[in-house]
Student: 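What follows is a structure written as structure tokens; I'll ask about it next.
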Amino acid sequence: MSRYTAVKGMNDILPPDSLRWSRMEEDLRLLAARLNYQEIRTPVVESLELFQRGLGETSDVVQKEMYVFEDKNGNKLALKPEGTAGFKLALKPEGTAGVVRAFIEHSVGIEKPGPHKLFYIGPNFRYERPQKGRYRQFHQFGLEIFGDPTPEMDAELIYAASMILDHFKVKGEIRVNSIGCPACRPAYREKLIEYFRPKAEELCGDCRRRIDSNPLRLIDCKVDAPRDRWNDIPLITDHLCPQCASDFERLKKALAIFHVPFVVDPFIVRGLDYYVKTAFEITADTGGTQNAIAGGGRYDNLVAETGGAATPATGFAIGLERLLSVVPEDFYGMQPLAMGFALFDGGVADLVHLTKHLSHHPVRYMAEYTPRKFKNALQKANKLGARHIFIFGEDEVKNQQVLYKDLATGDQKTFGQHEVMAIVAMLMDKEIRK
Ligand code: HAM
């Protein structure tokens with residue numbers, strides 16, 4: 001047992017999983033580039049206030065889950081269960097607020113006309129109770145669009161999310177809602193307070209506190225499950241102002257044109273306070289209770305509230321741990337390993353040549369330079385799970401050849417040492433037909 005272990009809720013990503021991770025990230029980057037999103041990388045640490053104001057003082061993330069620290073006296077990282085008072089810095093719990101900060105700080109929206117389409121991939125930190133699919137360090141891929149107020153852009157964004165599901169062969173359910181705007185939400189909020197106050201005794205401790213501070217969050221409480229207990233909860237979709245109602249209709253119409261399958265779920269309210277109008281989540285069968293793999297929506301007021309010029313914005317993020325947990329196991333097949341061996345000292349130089357030549361080609365290969373007997377080479381290759389072996393024995397060296405053996409089929413063949421392209425072509429052909 002190692003003397004040190006990873007911090008609770010924070011995971012090492014090890015081979016062969018790391019290969020799935022890097023290929024998934026590559027695919028996401030390519031997808032983003034195709035849709036004209038450009039990458040933005042923001043620091044892992046931001047000012048705590050950015051999140052308090054952006055995500056909302058009463059959101060669970062800000063109230064309970066922030067990693068805050070001081071950067072005087074040795075960068076002390078600490079979680080203060082009693083609150084965050086006095087702390088100025090925080091590890092980012094999500095990507096949007098930092099992107100908004102950078103967007104304003106570098107005058108992106110002022111210097112160029114929108115829409116600005118940005119993407120990010122990176123770690124986030126929330127002090128949550130770890131369980132399958134819920135970690136204290138987790139990773140998100142996110143898309144953010146600044147400068148476009150239309151519900152059609154929300155639909156395009158949701159379409160991009162659905163393309164990710166399709167690409168990775170993930171069956172997800174896209175659930176959309178409108179959570180209104182500052183014109184219609186206050187009245188709805190009052191309706192919820194009125195509805196839930198007489199039921200306070202039946203609610204969990206958190207929800208009792210939320211009745212006044214954040215009544216919207218009451219309706220998606222996982223502990224109380226109100227949607228299963230009461231069937232007359234006031235729904236936001238019945239209380240939208242004419243503008244929000246018409247935007248919601250446009251959203252649904254555009255989604256239909258994009259052929260995005262979706263359901264309307266009036267219980268989606270999202271856990272962060274910055275959303276207005278369109279809100280959506282994607283759920284999938286992750287085999288655990290954490291079945292929300294992605295979430296997002298419109299946040300038209302966040303840029304102005306963070307100190308920038310009023311800029312409409314919309315975006316979403318997908319959790320990479322949760323995405324990977326639903327990507328089919330065989331989606332990224334590992335290319336079989338090829339290995340090279342020398343049977344005697346005089347074969348080592350030729351083996352080095354082969355290594356050099358194969359290193360220029362997309363085949364998975366490694367060499368073992370300590371000479372060994374044929375049988376021993378086979379054993380080693382088997383142990384390492386290699387399928388193809390290349391052998392330099394005395395005959396091969398004398399004839400400027402290399403012996404190839406396919407351990408899966410038993411096929412054996414001799415190549416001239418200069419026939420590197422033929423070797424590569426054979427390996428790639430077997431890879432395709434495997
Ligand atoms: P969120 O719903 O809080 O939204 O997180 C998005 C996704 O991140 C979740 O659906 C989930 O897959 C993943 N996630 C969140 N917390 C954890 C955790 N503790 N462990 C593992 N995965 C987790 C946001 O963060 C918004 N910033 C999304 C957004 C972008 N809205 C607009 N633009």
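Remember, predicted model here, so these are calculated numbers, not experimental data.
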Student: With rounding to the nearest 0.5 Å, note down the distance linking CD1 in I389 to CG in N382.
Tutor: 8.5 Å
Student: Could you check H139, Q140, Q290 and say which one makes a side chain to side chain donor-acceptor pair (under 3.5 Å) with E321?
Tutor: H139
Student: With a 3.5 Å distance limit and no angle check, can you tell me whether D247 reaches the backbone of P151 through a side-chain donor-acceptor pair?
Tutor: no
Student: Within a radius of less than 6.0 Å around CG of D285, do more than 12 heavy atoms belonging to other residues, nucleotides or ligands occur?
Tutor: no
Student: What are the two closest heavy atoms between I236 and P266, and how far apart are they?
Tutor: CG2-O, 4.0 Å
Student: What I want to find out is whether D206 reaches K222 closely enough, with some N-O distance under 4.0 Å, to be called a salt bridge.
Tutor: no
Student: Should the ring pair F316 and F280 be called parallel, tilted or perpendicular, given that the plane angle runs from 0 to 90° and is split at 30 and 60?
Tutor: tilted
Student: Is the CD atom of E49 crowded by more than 12 outside heavy atoms at less than 6.0 Å?
Tutor: no
Student: Would you mind checking if D220 and R217 are paired as a salt bridge, meaning a charged N to carboxylate O distance below 4.0 Å?
Tutor: yes
Student: Could you walk me through whether T355 and Y365 pass the side-chain hydrogen bond (donor to acceptor under 3.5 Å, both in side chains) test, one step at a time?
Tutor: CA-CA 8 Å; T355 303; Y365 165 86; 3.0 Å; yes
Student: Run the salt-bridge test on K171 and D166 with the 4.0 Å N-O cut-off and return the result as yes or no.
Tutor: no
Student: Nearest 0.5 Å, what's the CD-CG distance between E394 and N399?
Tutor: 11.5 Å
Student: With a 4.0 Å cut-off, would you call R387 and D406 a salt bridge?
Tutor: yes
Student: Is a side-chain N or O of E111 found less than 3.5 angstrom from the main chain of V108, in a donor-acceptor match?
Tutor: no
Student: Indicate yes or no: at least one non-hydrogen side-chain atom of M10 is less than 4.5 angstrom from one of Y135.
Tutor: no
Student: Nearest 0.5 Å, what's the CD1-CZ distance between I219 and R227?
Tutor: 8.5 Å
Student: Hey, does L89 have a side-chain heavy atom less than 4.5 Å from the side chain of E46?
Tutor: no
Student: Are the side chain of N177 and the backbone of I179 linked by a donor-acceptor contact shorter than 3.5 Å?
Tutor: no
Student: Can you give me the closest heavy-atom contact between Q417 and V402, atom names plus distance?
Tutor: CG-N, 4.2 Å
Student: Just wondering, are more than 12 heavy atoms of other shown residues or ligands nearer than 6.0 Å to NZ in K132?
Tutor: yes
Student: Report yes or no: does D300 contribute a side-chain atom to a donor-acceptor pair with the main-chain N or O of A313 at less than 3.5 Å?
Tutor: yes
Student: Answer yes or no: is there a donor N or O on one side and an acceptor on the other, between the side chain of R229 and the main chain of D224, under 3.5 Å?
Tutor: yes
Student: Please report the shortest heavy-atom distance between L157 and T314, naming the atom on each side.
Tutor: CD2-OG1, 3.7 Å
Student: Do we see a donor-acceptor contact under 3.5 Å between the side chains of E144 and Y299?
Tutor: yes
Student: Could you please spell out the steps behind the salt bridge (charged side-chain N to carboxylate O under 4.0 Å, His left out) verdict for E249 and K253?
Tutor: CA-CA 6 Å; E249 289 311 309; K253 193 169 160 201; over 6 Å; no
Student: Whether the side chain of H116 engages the backbone of K112 through a donor-acceptor N/O pair (distance < 3.5 Å, no angle test) should be reported.
Tutor: yes
Student: List the steps, then state whether salt bridge (charged side-chain N to carboxylate O under 4.0 Å, His left out) holds for D60 with R210.
Tutor: CA-CA 10 Å; D60 278 359; R210 286 180 186 135; 3.1 Å; yes
Student: Ignoring hydrogens and angles, state whether a donor on the side chain of E396 or T414 is under 3.5 Å from an acceptor on the partner side chain.
Tutor: no
Student: CD of Q400 to NE2 of H418: how many Å apart, nearest 0.5 Å?
Tutor: 9.5 Å
Student: Between CG of L378 and CZ of R372, what distance do you get to the nearest 0.5 Å?
Tutor: 11.0 Å
Student: Can you list the steps and then say if R250 with E152 is a salt bridge (charged side-chain N to carboxylate O under 4.0 Å, His left out)?
Tutor: CA-CA 7 Å; R250 278 170 58 184; E152 288 74 20; 2.8 Å; yes
Student: Quick check: closest heavy atoms across A304 and A310, and the distance to 0.1 Å?
Tutor: CB-CA, 4.0 Å
Student: So, does T150 use its side chain to make a donor-acceptor pair with the main chain of M153 at under 3.5 Å?
Tutor: yes
Student: In terms of heavy-atom contacts, does CZ of R134 have more than 12 from other residues, nucleotides or ligands at under 6.0 Å?
Tutor: yes
Student: Parallel under 30°, tilted from 30 to 60°, perpendicular over 60°: which one fits the rings of F390 and F415?
Tutor: tilted
Student: Does the side chain to side chain contact (heavy atoms under 4.5 Å, CB included) test come out yes or no for L323 and M24, once each step is laid out?
Tutor: CA-CA 9 Å; L323 174 61; M24 171 180 68; 3.8 Å; yes
Student: Hey, is the main chain of E281 close enough, under 3.5 Å, to the side chain of R175 for a donor-acceptor pair?
Tutor: no
Student: For F344 and V397: C-alpha separation, side-chain torsions, deciding distance, then whether side chain to side chain contact (heavy atoms under 4.5 Å, CB included) applies.
Tutor: CA-CA 10 Å; F344 72 122; V397 172; 3.8 Å; yes
Student: Do NZ/NE/NH1/NH2 and the carboxylate oxygens of E26 and R23 come within less than 4.0 Å?
Tutor: no
Student: Is R136 salt-bridged to E128, going by a charged N under 4.0 Å from an acidic O?
Tutor: no
Student: I'd like to know if the side chain of Q335 and the backbone of P362 have a donor-acceptor N/O pair within less than 3.5 Å.
Tutor: yes
Student: Got a sec: does the NE2 of H353 have more than 12 other heavy atoms crowding it under 6.0 Å?
Tutor: no
Student: How about F141 and Y120: are their ring centres within less than 6.0 Å of each other?
Tutor: no
Student: Any carboxylate oxygen within less than 4.0 angstrom of a Lys/Arg side-chain nitrogen, looking at E156 and K117?
Tutor: yes
Student: Take H388 and L407, measure what side chain to side chain contact (heavy atoms under 4.5 Å, CB included) needs, and give me the verdict at the end.
Tutor: CA-CA 6 Å; H388 314 283; L407 300 182; over 6 Å; no
Student: Do you know which two heavy atoms are closest between T58 and D273, and how far apart they sit?
Tutor: OG1-OD2, 3.7 Å
Student: What pair of heavy atoms forms the shortest contact from G172 to L165, and how long is it?
Tutor: CA-CD1, 4.0 Å
Student: Is the backbone of H357 close enough, under 3.5 Å, to the side chain of S359 for a donor and an acceptor to pair up by distance?
Tutor: no
Student: Check the surroundings of atom NE2 in H360: do more than 12 heavy atoms from other residues, nucleotides or ligands lie under 6.0 Å from it?
Tutor: yes
Student: Would you give the length of the straight line joining atom CZ of F392 to atom CG of L403, rounded to the nearest 0.5 angstrom?
Tutor: 10.0 Å
Student: Just do the side-chain hydrogen bond (donor to acceptor under 3.5 Å, both in side chains) check on R270 and Y275 with the steps written out, would you?
Tutor: CA-CA 8 Å; R270 306 287 296 131; Y275 295 106; 3.1 Å; yes
Student: Are Y37 and F119 an aromatic pair by the rule of ring centers under 6.0 Å?
Tutor: no
Student: Are the side chains of W21 and L320 in contact, using a 4.5 Å heavy-atom criterion?
Tutor: yes
Student: Is the shortest distance from a Lys or Arg side-chain nitrogen in R29 or E39 to a carboxylate oxygen in the other one below 4.0 Å?
Tutor: yes
Student: So does K92 pair up with E94, basic N to acidic O under 4.0 Å?
Tutor: no
Student: Would you call the rings of F331 and F168 parallel, tilted or perpendicular if under 30° counts as parallel and over 60° as perpendicular?
Tutor: tilted
